[in-house]
Amino acid sequence: MPDKYVLPPEWEWPITIALFIAGVASGAYATMGLIHFAGDKRDQPVAWRLAFIPLPLMLIVPLLLIVDLGQPGRFLNLLITSPGAAERPGPLMFNPNSPMNWGSWAMVIFGGFAALAFADALHHTGRMRLDWLDGLSHNIVVLAIGELFALVVSGYSGVLVNVTNQGVWSDTWLMGALFICFSELSGMAVALLVSDRMGAVRTSAALRTALFYAAAVSTVVLVVFLVSLATQQDGSLAALIASLHEFVGPVFWIGAVGLALLVPLLALGPRRLAPMPNASLSLIALLVLVGVLAFRYAVFFSAISFVQS
Amino acid sequence: MDLQNSDAIVFMGSNMAECHPCGFKWPMKAKAKGATLIHVDPRFTRTSAMCDTYVPIRSGTDIAFLGGLVNYILTNKKYFEDYVLNFTNAPTLINAGFKDTEDNDGFFSGFNPTTRAYDRSTWQYQTGAAPARAPEPQSNSEAKEGQAGSPPAPVPAPQGQSVKGVNFAALIANRLPGAPLQDKTLNDPNTVFQILKRHYARYTPEMVEKICGTPKELFIKVADTLIANSGRDKTSAFVYAVGWTQHTTGVQLIRTAGLVQLLLGNIGRPGGGIMALRGHASIQGSTDIPSLYNLHPGYLNAPDATKTHDTLLNYILTETQPTSFWSNTPAYVISQLRAWFGDAGSPDNDYFYDSLPKITGDHSHFPVMVEMSQGKIQGMILTGQNPATSLNAAFQRNAMAKLKWLVVLDFYETESSVFWKHADAAPGDIQTEVFFLPAAHIAEKDGSMTQTQRTIQYHHKTADPPGDARSDLFFWYDLGQRLKKLYAAGRSGAKNVDIIKNMTLDYAPDPAEVADWIHKDEPSAFKIFKEINGFDWKTKQPINSFANLLSDGSTAAGAWIYTGQLQLVNGQIVNRGEMQPGKNDGWVSPNWGWAWPANRHQLYNRASADPKGDPWSTKKKYTYWDAAAKTWKNDPGDGIDFTLTKDPSTPANPNGVGVAFHSGSDPFLLKKDGKGWLFAYEGLSDGPLPTHYEPWESPVKNQLYKQDRNPVAKIYDVPGNKYNEFAGTQFPTVITTYRLTEHHLSGTMTRWLPWLAELMPELFVEISPELAKDKGIANGDYLRVITERNTTEARALVTKRLRPLTVNGQVIHQVGMPWHWGYQGIATGDIANNVTALVADPNVSIHEGKAFTCRIEKGRART
Amino acid sequence: MSDLRGMFVDTSICTGCKACQVACKQWNEMAPGVPLPMEDEAAVREHRAFTGNSYDNTGHLSATNWRHVKFIEQIGPDPSTSDRSDPRWLMMSDSCKHCVQAGCLEVCPTGALYRTSFGSVDIHQDVCIGCRYCVGACPFGVIAFNQRTGRVNKCILCQDRLEIGMGTACAKACPTSSLTFGTVSDLQAMANDRVKALHARGQTDAYIYGWDLGNSGTITAGPNKGTAVKDVEVVGGLNVFYLLLDKPEVYGLPAHAALPQRNFVPSAGVALISAAVLGVTGLAAFRRNRIAENAAAAEGGD
């Protein structure tokens, strides 16, 4: 057993769902950005539809995170220095050592970008006239900065999980990377779903490839993660196995690995195993989404404490 | 505190770290200075964890172990020769008709199987002729023959039995015995020394292993450690508690340690001695100022109808020991009577002595409960006592069911206050009327405590008790006042009311003391403190020393041993029960509280100097004779336990009364010959020398003698008290009971407190893995402890700290059960004492709760 | 160092009496067991639990157990055999270590956890939002979530007593002075002397956990008999530090405790790299698609 005698923080369903949704939101935004950067005008409609997604999701995420708190009424202490915290400088609360602070601020700011994207979507899908947006939303700098905050939103919780002393979580540097990978997977899956429902064959084709590549990268990251645990002296891999107790194990292997990684790898690869009617792309996207949710579940519900007995 | 000076400490019959955690800091200090600590115990406890060596032993076989030490010391000639020769009765000659247990298959001479008692006449010293007696008028009363083994009958009292005009000094001088005869070469076969050698000849290390189950090497290690740490330059101490007292051989057990310490020259020396750890905050006080049936305050014997106690004079003449500090008994007795009856007493009416009740036999707890079970006792008042969880608890609860009334004073609703919930009879059939009176806690009242070092500390009230709770003092004082009123009003039919009518009870509330508190009718604890201390009857000023107590009625003192706890200094009353401010005390701390007698912390400390008065060594210098100043001195500030100006070269005076009879090198003032008694020719009912007897319930027979068990042990052949078959097969496991730090006694104070209840929430039994495996019991399972009396269930705590022992080739298992649980409180559990029996030591009636037998089975007691 | 306050926990003279646990609860007016109001006797009764774990029925530090005495029975070298030679019973009073580099403090996102002028780590109960990040960050499993109040609790080194010049309640109650309160530099000197005195007596197991004062020794009993031990400083030093007689794991302490922040930059760095890779593969996917499209169009078209 690794050298850990810690108590689990008991982040369970509200956190799992919240971070899944945040991952979808930021991943969708990132994919939207990708389409803007790498796609052409024929892909725009998908991008615009996609842009509707981040804002409503980013409104739900804080609600869930706040509900999980022991003192939900005090959530603003994350952002505004409480008068009781006399030692902190300045009116705004920011502890650079705490990924949770990085994430809180990133989500607030990303929310702004999500709102901008939402407005953009309203404008470009003809629901509202917001001409002033055109210049703003297609400004490459704005988009780049938005991407940056989306990146932080999708990855900070992984870094947060790394910056603890929990078994497995803190025995590796790959959690941030894994969270980013799975967030992007979920975002791309949503994009594929939207694209497929819209019948945008061309965009779907690009997206399916992107999803395939993303799954490949994610698999490599996962393998590196497993190797990084196995190569540690203190038996972290054994801890991983132990942490995948009861329900969590199958959820991880079947859900996170199977659905989120293997399905796109096998189904979306260049060599077609079978003719794929377009409808099945939606199915694959949904399976990937379920797989990403499974991944979140496995991470948070595997937290165990090596308590001296 | 003196334990910090020890070079080696043996904890035996004690779990000091767990049961006296605060006092344990002193052995820890000794350890930090390099002392060796040894724990001899049936279980490896938190005390063992702090010691250098742990030695396992079968519970109840301590006399074999300690007798083995005596044997080892004598065989290897490692005794402290100068000390033994001069300070003990080793050279004293014993009556030639004495027969030892070696001669008599486990009996001493003089045993009467019909009365189950010893006649001690063959145990007496050989003495020279007594000094010539002056003629005295004949007495009207008979000298009673009743007491077995007493010294030759006292010279009958002079005519006119009252004490008026009596010259006590002359009468006492007329009763001087002859001086004991001695052989200083120690070769005479009748010397105590030779008798001792013969008595313990078979207590070899091999025998110790056979009886106690203690590996021989470990036993020898203990012996060698003690020997290496005794003598001129080093001292060793024994520490014991109820693991030694609660046996049918309890008193003798402790005495065996006394033998070892006398042989090694450790008594009366810094870092030496035997530390008796008494448990409760004021349990020492509860025997000093007792509610015991057979003692008056200050360890004066209660008047006894079976002795020559019919008049005050006869009582005094019977009780006073002419040679030893007890020669002052008349002053102590009469001062006590003056305190109790005030001006109503006078020499003409023997200070009201006749009104005192006289005991007629054994009125200790067990016989009382037996009588109660037979419907002979109408009522009982319990102040901080819980018999519903005491030995053979079901028997006691059923006995209480026969009471007409019961009064309970306590903080919580104890098991005894609701005993009727757990008696055999249905509650509806029990006629006892129960009164529960909530009691005030120690912080809610004034008073004093006397702890295990005989140190008296006064404590002050810091809070009002809640609700209706009142102090015990208020209850008894108020009861006394009400009874006085009733009897003064001439309530008919009552016998012997003089005692109540005339007792002074001068404890009326002091307005200054009650000013800050709610209850203005709270009697004055300070007045009692002063009465106990003693004061001049005319001036009412405190007396500073028991040497100033007189037998002419001009002094009053509740308990002579406490005289000095109040002092008159320059016209001011100083309460020595309180810490004296601003004094730098050193390790003896004479200004912290008051150690009776006369603030002497180390008793018999004259023995820390050699016969010439020089310290045995510089390192262990304590009390010594300053020849220039012609006085004894003690640099750390302890009281000198000797006549201050008595030159060590003073010879014994055969015509001297009291300590004048002793020489200047006889440290043991309370003993008739001033010596430490290796051989106790009187005072004990089961033998002059400790002898290994098996506990009343044991899985094995006695390997030394045909007489297996203590022939005079107190046993009770009554329904509901069946004993397990001795050395039978039904109950093969030895069981001992004990205490944990987290709880106190039957848990009446601790199992109601959540912070303590959660630390030890359930009754458990500690059991070795070997026995557990035998019975199919896993850690945490329920198990049953079964005896002929009852079954108790507990959780199993399987631990290697308990171990099977090999006793004479047979594997014997031991288990341990803490006895803190009962059916009341937050943390409840079965009562451990449900399975124990009514069986007791013959000298002081202490119950045998530390060694008995049982059968262990897996599973619950009831579904 | 001279202003820093802390405690030296000398487990070699701990008798396992638990006075420290009770003193802590009394001073801080804590509920017993799980956090329930003390008046709720029935609920309190429910949570009585006999653990069967030696004399330890407390189990673990929690929101209402800020002190926890641990008991480790080593009756012989191998628990599974009947060999009982060199028996010993190790005891240790555990609590917050008030680390010089405190993981809990570093991750707290609201400033509720702060460093006092005495060097201890205290909690602003009016600021804590109950996010429990600190719970996961402490390498010793000390700080814990309080179900009833929704905030976290741990030993706060009796901040209110320190402010009026008193020492900690637990150290005051300890009958053998196994717990000593004082300035950290004084305590380090005391601890060093103590280790050396024990080594001189043959008890070479003793070493300091929390500061490296240069001592080393060998374990003399128990399953790890013969193993070398030496002083170890963890997380920059522990203001509440220990004299131990066996390996830290035996006491439920990590041999290599570390700050969670050790992972921060590497984790973020690796995350950025993988994000970049994903970005590149994403772009590549679209480019590949465009190429394939163009090829198909070229084929399919004129």
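Side-chain atoms are counted along with the backbone in the values below, which use heavy atoms only and exclude waters and symmetry mates.
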Identify which part of A:Ile180 has an atom lying under 4.5 Å from any heavy atom of chain C, answering side chain, backbone, both or neither. both
Where on C:Thr149 is there a heavy atom nearer than 4.5 Å to chain A: the side chain, the backbone, both, or neither? backbone
Name the region of A:Met100, side chain, backbone, both or neither, that has any atom closer than 4.5 Å to a heavy atom of chain C. both
Heavy-atom cut-off 4.5 Å, strictly under: side chain, backbone, both or neither for A:Val217 against chain C? side chain
Mind running salt bridge (charged side-chain N to carboxylate O under 4.0 Å, His left out) on A:Asp68 and C:Arg132 for me, showing each step along the way? CA-CA 10 Å; A:Asp68 180 76; C:Arg132 288 121 42 224; 3.0 Å; yes
Taking side chain as everything from C-beta outward and backbone as N, CA, C, O, which of these in C:Phe140 sits under 4.5 Å from a heavy atom of chain A? Side chain, backbone, both or neither. backbone
Begin from the C-alpha positions of A:Thr164 and C:Val107 and carry the test side-chain contact (heavy atoms from CB on, under 4.5 Å) through to its verdict. CA-CA 8 Å; A:Thr164 61; C:Val107 301; over 6 Å; no
Chain C heavy atoms under 4.5 Å from A:Trp11: which part of the residue, side chain, backbone, both or neither? both
Given A:Leu151, A:Asn101, A:Leu160, the one with more heavy-atom pairs under 4.5 angstrom with chain C than any other is A:Leu160
Ranking A:Gly155, A:Ala177, A:Gly33 by heavy-atom pairs under 4.5 Å to chain C gives rank one to A:Ala177
Any sub-3.5 Å donor-acceptor pair from A:Asn165's side-chain atoms to C:Cys138's backbone N or O? no
For A:Ala216, is it the side chain, the backbone, both or neither that has a heavy atom under 4.5 Å from a heavy atom of chain C? neither
Region of C:Leu105 in contact with chain A, defined by heavy-atom distances below 4.5 Å: backbone
From CA spacing to verdict: side-chain contact (heavy atoms from CB on, under 4.5 Å), A:Val159, C:Phe264: CA-CA 7 Å; A:Val159 174; C:Phe264 198 150; 3.8 Å; yes
From the list C:Asn263, C:Ile273, C:Val277, the residue making the most non-hydrogen contacts under 4.5 Å with chain A is C:Asn263
Pair A:Leu78, C:Ile129 - check side-chain contact (heavy atoms from CB on, under 4.5 Å), show working. CA-CA 8 Å; A:Leu78 283 167; C:Ile129 60 174; 3.6 Å; yes
Interface residue of largest heavy-atom contact number with chain C, from A:Pro99, A:Gly39, A:Gly176, A:Ala210, under 4.5 Å: A:Pro99
Walk me through whether C:Arg151 and A:Gln71 qualify under side-chain contact (heavy atoms from CB on, under 4.5 Å). CA-CA 7 Å; C:Arg151 308 188 282 266; A:Gln71 290 276 334; 3.3 Å; yes
List the steps, then state whether side-chain hydrogen bond (donor to acceptor under 3.5 Å, both in side chains) holds for C:Thr110 with A:Asn77. CA-CA 5 Å; C:Thr110 60; A:Asn77 287 350; 5.7 Å; no
Heavy-atom proximity to chain C below 4.5 Å, by part of A:Pro83: neither
